[in-house]
Every structure is written in structure tokens, then in C-alpha cells.
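The block underneath contains the structure these notes are about, expressed in C-alpha cells.
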Amino acid sequence: MTGPLFSFSGITGGYGATTVVRGVGGAVAAGEACCVLGRNGVGKTTLMRLLTGHLPPRSGTATFGGQPLDELAPDERHRLGLVYCPQDRPVFDNLSVRENLTLMASMDADRHAPLLAAFPILEARMAQSAGTLSGGERKILSFARGIAETGRLLLLDEPSEGVQQENVERMAGFVREAKEAGRALLVVEQNLSFALEIADRVIVMDRGEVVLAGAAADIDEETLAAHMHV
Ligand SMILES: Nc1ncnc2c1ncn2[C@@H]1O[C@H](COP(=O)(O)OP(=O)(O)OP(=O)(O)O)[C@@H](O)[C@H]1O
Ligand SMILES: [Mg+2]
């Protein structure tokens with residue numbers, strides 16, 4: 001395949017009269033992960049909402065597999081293969097763990113068994129409502145749901161938030177496998193070591209704008225850390 005699987009440019013938008021994201025662009029190829037980094041409140045989640053169709057951009061364009069997304073609703077983007085694991089309310093609290101896992105992808109031994117083996121809490125709580133899980137466990141459930149879906153593009157908003165280190169490492173393993181399977185990932189992260197473990201490319205945002213972008217291998221960790229700490 002030539003060119004990125006997913007690309008976006010000039011994405012601008014916000015809430016009411018407030019512009020939160022300004023002219024943000026990026027691209028992710030099949031088999032790659034791009035991490036979006038930046039301090040709290042710089043607009044990372046708003047960018048994800050603008051890219052998934054949950055918030056209409058004021059300007060800018062996004063293309064997935066050669067198809068412009070701009071006129072498409074979130075469910076239409078999902079049908080094309082855009083899988084979104086949001087930061088806030090990552091799962092349906094009133095549905096069981098099993099229902100959350102099978103809402104978008106029927107229970108499939110090949111896809112689900114490795115996830116249940118890696119994250120035994122999901123198996124143990126299968127019949128319980130997701131609302132009984134801790135915040136970190138809900139992020140694991142959301143991540144597992146996204147990985148188990150078949151869509152080629154994954155947008156993950158802080159998957160490691162509140163998750164124990166050993167499970168963050170397991171997440172990194174699944175991200176690597178997703179890349180090897182030819183999926184593309186755009187991942188918002190605050191955990192720099194996890195981000196650097198999975199990222200081929202990075203985008204650093206500050207006050208709604210991209211202030212640094214490039215191949216992860218070309219940007220040193222201190223520079224990134226300086227951008228992420230106040
Ligand atoms: N629903 C909303 N309505 C109005 N303003 C919002 C809304 N959501 C976020 N904002 C504002 O937009 C700005 C960016 O928020 P956003 O959640 O995109 O940042 P973020 O980079 O994801 O932060 P964090 O690292 O804390 O997740 C903040 O000033 C926030 O207060
Ligand atoms: Mg956020």
C-alpha cells in the first residue's frame with residue numbers, strides 16, 4: 001500500500017465559540033502507531049472527537065483508506081473500520097463485561113482468548129456489569145474491546161490511564177501485534193515510556209497546536225518529557 005492509511009490536515013474545532021484544536025495534521029500508515037502527546041488540557045481528546053465525528057470540525061479534512069471522512073457520522077466511520085476507545089466513559093457501565101466485549105465483535109476464540117488470558121480480570125468479571133470495575137479495569141476492557149474489533153484503524157485515548165504497569169506492558173504487546181497485522185493506531189498518551197515503546201511517530205500538542213512532530217526515533221526523550229511536564 002502506498003501512502004498513509006489515515007491522514008488528516010488543518011483540523012480545527014472546539015466547543016461553542018471556543019476554538020480548542022487549531023490546524024492539526026498528521027498521518028498514520030498501516031502497521032504504524034502514532035502517539036499524540038501533550039500536557040493536560042491541550043486538546044488531545046478534542047482532536048480525537050473531531051477525528052471520530054463526535055464533534056464537527058470547523059475546518060480541516062480527514063481521509064481513511066483513500067475515503068474522505070468529513071461528511072460521515074461516527075457510526076459510518078466505524079463501519080469503515082475506525083475503532084474508537086475514548087478517554088472518558090470508555091465502556092458501557094450498565095452492560096456486563098461480556099456484553100461490552102461482544103457489542104461490536106462476536107465472541108471469537110482467536111481474537112478474545114489471548115486478551116482474556118492476558119487480562120484475567122475480564123474473564124473473572126465476565127457476567128458482572130462493567131460499572132463494578134475500577135477505572136483502570138474499565139480502560140483494560142475498553143482496550144480489549146477495541147483490539148478484538150476487526151477495524152483497521154484504532155484511535156485510543158489514554159489507554160494506560162489508571163492501569164497497573166504490568167498490564168500496560170501487556171497492552172504494548174497487543175499494540176505490537178496489531179501493528180504486525182497491518183492495523184494503524186493513533187494513540188493519545190501521557191505515559192511517555194509506554195508511548196515510546198509503541199510509537200513509530202509522535203505528534204506533540206500544546207494549546208491546540210502541533211508544536212513538534214516526526215519519527216519517534218528522531219526525537220529524544222528529554223525533549224518530549226519537557227513538553228509533557230509543566
Ligand atoms: N465538552 C466540553 N465543553 C467545553 N469545553 C471543553 C469540553 N471538553 C473539553 N473542553 C475544554 O477543551 C480544552 C481541551 O480539553 P481536552 O479534553 O481536549 O484536553 P486533553 O489534552 O485531552 O486533556 P487531558 O490530558 O486532561 O485528557 C480544555 O480547556 C477543556 O476544558
Ligand atoms: Mg484527554
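Each ligand, and each atom within it, is numbered from 1 in the order the structure gives.
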Counting only heavy atoms and a distance below 4.0 Å, can you name the residues contacting ligand 1? Tyr15, Val20, Arg39, Asn40, Gly41, Val42, Gly43, Lys44, Thr45, Thr46, Arg49, Gln87, Glu158, Gln190
Verify the distance criterion only: is there a donor paired with an acceptor across the side chains of Ser96 and Gln128 at less than 3.5 Å? no
Examine the side chains of Arg58 and Thr19 and answer whether a donor and an acceptor come within less than 3.5 Å of each other. yes
Quick one about Tyr84 and Arg49 (side-chain donor to acceptor, distance below 3.5 Å, no hydrogens or angles considered), yes or no? no
Strictly under 2.8 Å, is any N, O or S atom of Gln87 next to the Mg ion (ligand 2)? yes
Is it true that Asp157 and Lys44 have a side-chain N and a carboxylate O under 4.0 angstrom from each other? no
Looking at Arg176 and Glu197, is there a salt bridge between them, counting it only when a charged N and a carboxylate O are closer than 4.0 Å? yes
Take Phe119 and Phe174, measure what ring-ring contact (aromatic ring centres under 6.0 Å, His included) needs, and give me the verdict at the end. CA-CA 11 Å; Phe119 306 115; Phe174 284 103; 5.8 Å; yes
Are side-chain N/O atoms of Asp70 and Thr61 paired as donor and acceptor at under 3.5 Å? yes
Has Thr45 got an N, O or S atom lying less than 2.8 Å from the Mg ion (ligand 2)? yes
